[in-house]
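Notes for the one structure printed next.
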Number of protein chains: 2
Amino acid sequence: MLEEREITIYDIAKYLNISAATVSRGLKNNPMISKATRKKIMDAAQVLGYQSNAFASNLRSRQTHTLGVIVPRLNSYFMSSALAGMENAANRYGYNLIIAQSLEDAEKEKRNAATMFNKRVDGLLISLSSNTQNINHLEPFFKRKIPVIFFDRVYPHNESTSVGINNFEAAYQVTKHLIDQGCKRILHLGGNVLRNVYQERLNGYRKALQDHHLSFSDKLHLTGPLSEQAGTDAARHILELAPNKRPDAVFSANDTAAVYCMLALQAAGLRIPEDIAFAGFNNDPISKVIAPNLTTVEYHGDSIGHTAATYLINHLKGISDLYATNAITLRADLVIRASSLKNKNPE
Amino acid sequence: MLEEREITIYDIAKYLNISAATVSRGLKNNPMISKATRKKIMDAAQVLGYQSNAFASNLRSRQTHTLGVIVPRLNSYFMSSALAGMENAANRYGYNLIIAQSLEDAEKEKRNAATMFNKRVDGLLISLSSNTQNINHLEPFFKRKIPVIFFDRVYPHNESTSVGINNFEAAYQVTKHLIDQGCKRILHLGGNVLRNVYQERLNGYRKALQDHHLSFSDKLHLTGPLSEQAGTDAARHILELAPNKRPDAVFSANDTAAVYCMLALQAAGLRIPEDIAFAGFNNDPISKVIAPNLTTVEYHGDSIGHTAATYLINHLKGISDLYATNAITLRADLVIRASSLKNKNPE
DNA sequence: TTGTACGCGTTATCAA
DNA sequence: TTGATAACGCGTACAA
């Protein structure tokens with residue numbers, strides 16, 4: 001099979017009777033090279049169909065202009081938005097993204113991290129899997145001073161920066177809103193508290209209960225994967241309770257579980273919000289489509305992603321000091337919709 | 001700033017008083033090397049904290065074990081599912097994904113392709129932007145025999161394979177279903193016909209009309225980006241028609257536009273499906289959440305992605321001949337839901 | 001079974 | 001402003 005040889009800077013050099021070093025410099029618009037030769041080099045590169053070999057360059061310069069991204073799953077609205085935001089930022093600054101998913105499995109996350117390291121990413125953006133216990137698998141990065149940025153599901157670590165929102169505050173506001181609507185028995189559908197986001201949402205919920213003299217009960221706290229199935233299961237659980245033990249509101253740590261819980265309860269004849277009010281988290285598109293629309297917290301994946309990637313790149317370019325800022329907190333506002341409005345519009 | 005030097009195979013070689021070549025072989029479990037030395041090498045690598053340098057390896061072996069992926073957008077349910085499917089396949093075979101989005105812009109797609117080429121991806125998976133006119137920007141890949149696989153939004157090209165569904169047939173079935181329900185004026189909300197998927201869906205729709213003696217009219221064919229806004233705009237257009245000119249059904253080329261069109265029409269007081277029946281495409285999660293549930297076509301992003309990536313990798317490993325199969329067509333079945341059921345269940 | 005020696009395509013150093 | 005030359009870390013004929 002005929003394989004055309006690759007065009008290298010040597011070909012250009014020979015073609016122009018100059019040295020490869022000059023070509024290398026000219027290609028990168030090094031001001032050291034005269035404008036005339038620079039143009040000659042560019043033209044020749046065009047004519048010969050030269051394409052730079054990123055590998056050789058990386059090998060020599062020890063920079064890949066590639067960022068590693070590890071996420072729990074690729075196919076959630078929040079995550080794909082975050083990736084889109086990162087891609088935008090990365091693309092603007094000439095970086096590429098190499099993306100892997102842990103599928104909520106700490107072991108796979110470990111392997112992903114090792115691969116990223118071997119591929120010599122310039123930096124790592126990571127949101128932890130639900131059962132990751134520690135970050136020993138990131139040690140190689142820390143040792144070699146390869147910057148790591150946590151986003152969304154973060155980890156306390158004083159040589160990294162975290163990008164996220166104030167989950168405690170948001171959960172507090174959601175819960176307070178439900179209480180303001182007259183709800184007294186609010187069930188919390190939460191995620192694995194190993195992850196800060198779920199622990200903090202739980203804490204915010206509990207604090208709001210406490211501040212309003214409502215007691216917390218284990219019976220009103222369900223933990224799970226926050227999947228469609230988890231939402232449906234929660235509904236079944238609720239329906240199995242004696243009517244006087246049933247919650248009058250549900251605060252779910254994400255919209256998916258909230259929506260599927262709503263659907264199942266509605267199918268069983270319960271009215272929302274009259275019988276049970278609802279609030280979720282993330283402002284997923286389905287929250288605007290379900291009837292009644294779901295009260296939720298606006299959590300902009302693209303902002304998180306864009307911010308995290310931009311911050312990382314600035315650090316790589318020496319524009320900012322990674323360790324100066326330990327946490328970046330973005331806004332996440334409550335979005336009140338019909339599913340939680342027990343009091344008819346107090347006009 | 002103290003930078004620890006990288007551990008290389010030379011360090012291992014020196015440490016064990018053997019040659020670097022032996023280390024290189026041992027690390028890859030080359031059976032040529034005695035089992036004892038192989039073990040010694042592995043242990044030493046462990047002890048010294050050796051991490052292979054993928055770049056040097058790539059430079060030498062001319063393989064990156066990296067696949068390029070270019071998609072119109074990252075943050076749609078279909079695409080993120082496709083990416084998830086690809087990541088699964090890639091990960092299983094030791095490949096990585098480097099992902100970029102064209103944002104429906106041919107120019108950005110061009111730049112993305114050039115970057116991927118320079119990074120020497122082993123193969124390319126691409127779904128074209130809505131306004132891409134030709135594939136000249138992929139010529140470098142074809143010239144160097146780097147395999148390109150089109151998925152979803154494909155392009156006729158006899159040195160590549162395409163992975164998708166039978167859009168014509170699916171659209172035909174959707175339209176026929178609406179006709180079977182008694183609909184006579186079916187509006188089609190379509191995408192840019194530059195892309196095969198939208199052209200074929202349009203064709204299937206027209207053929208179904210024709211086969212059932214319904215006339216096609218330009219008035220009943222809207223083209224746009226199939227976004228939320230496009231759905232809302234379509235609703236306004238419908239409401240502005242004289243009641244006797246209004247369609248009695250809408251077949252949208254995706255679920256997003258269908259759902260936002262439904263919401264706007266419902267807000268204006270129209271009943272679905274009684275006044276207007278609806279059908280979409282993709283089986284997006286929102287189709288199961290909207291009331292009434294949306295009739296749609298099941299289009300599995302993850303299968304498409306997994307199939308495309310697996311096929312590409314098999315080709316790279318020499319297991320299959322890329323050019324033997326020009327198109328892989330996956331199933332896409334009609335999912336009938338309440339939004340299109342004009343005839344009350346004919347029990 | 002192992003070692004020697006060279007090349008992959010680029011960038012960095014030093015000299016001119 | 002340019003050129004010569006040596007790395008970068010690994011893989012592989014070829015020799016031993």
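Just so you know, these numbers use all the heavy atoms, side chains as well, and skip hydrogens, waters and symmetry mates. Residue numbers begin at 1 in each chain, while the letters A, B, ... track the order of the sequences. The model shown is predicted, which means the values in this text are computed figures rather than measured ones.
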#### Entry: side chain to side chain donor-acceptor pair (under 3.5 Å) between A:Ser129 and A:Thr132, intermediate numbers included
CA-CA 6 Å; A:Ser129 92; A:Thr132 296; 2.8 Å; yes
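Two residues, B:Ile18 and B:Leu59, neighbour DNA chain C, and the one matched to the more 5' nucleotide by heavy-atom proximity is B:Ile18. Comparing B:Ala21 and A:Val23 against DNA chain D, the residue whose closest nucleotide sits nearer the 5' end is A:Val23. If you find the closest nucleotide of DNA chain D to B:Ser61 and to A:Tyr10, the one lying nearer the 5' end belongs to A:Tyr10.
Atom NZ of B:Lys119 and atom P of C:dG9 are 19 Å apart (whole Å). One interatomic measurement links the two molecules: CD1 of B:Ile9 to P of D:dG11, which rounds to 6 Å at whole-angstrom precision. Taking atom CD1 of A:Ile7 as the reference point, atom C1' of C:dT10 lies 16 Å away to the nearest angstrom. Here D:dT2 presents its C1' atom at 16 Å from CG of A:Leu27, a figure rounded to the nearest Å. The separation between A:Phe55 atom CZ and D:dG11 atom P is 13 Å, rounded to whole Å. Atom CD in B:Gln63 sits about 17 Å away from atom P in D:dC10, given to the nearest Å. Between the CG atom of B:Leu16 and the P atom of C:dT2 there is a distance of 12 Å, given to the nearest Å. The CZ atom of B:Arg25 sits 9 Å away from the C1' atom of D:dG11 (whole-angstrom rounding).
Using cut-offs of 30° and 60° on the angle between ring planes, the pair B:Phe55 and A:Phe55 is tilted.
Taking only side-chain nitrogens and oxygens, A:Thr22 never comes nearer than 4.0 Å to OP1 or OP2 of D:dT2. When the side-chain nitrogen and oxygen atoms of B:Thr37 are compared with OP1 and OP2 of C:dT2, one or more of them lie within a distance under 4.0 Å. The shortest distance between the side-chain N/O atoms of A:Ser34 and the OP1/OP2 oxygens of D:dT2 is below 4.0 Å. The side chain of B:Ser57 places no N or O atom within less than 4.0 Å of a non-bridging phosphate oxygen (OP1 or OP2) of D:dC10. Taking 4.0 angstrom as the limit, A:Ser24 places none of its side-chain polar atoms (N or O) nearer than this to OP1 or OP2 of C:dT10.
Defined by atom type and a distance below 3.5 Å, a donor-acceptor pair is missing between the side-chain atoms of B:His306 and B:Ser303.
Side-chain to base pairing of A:Arg60 with D:dT5: no donor and acceptor N or O lie closer than 3.5 Å to each other.
Listed nucleotides: D:dT2, D:dC10, C:dG9. Nearest to the side chain of A:Met32: D:dT2.
Counting heavy atoms of neighbouring residues, nucleotides and ligands inside a 6.0 Å radius, atom NZ of B:Lys108 exceeds 12 of them.
Within 4.0 Å (heavy atoms only), B:Arg62 reaches sugar-phosphate atoms of the nucleic acid but no base atom.
Nearest heavy atom pair, residue A:Tyr155 against residue A:Ser162, reads O-OG, 4.1 Å.
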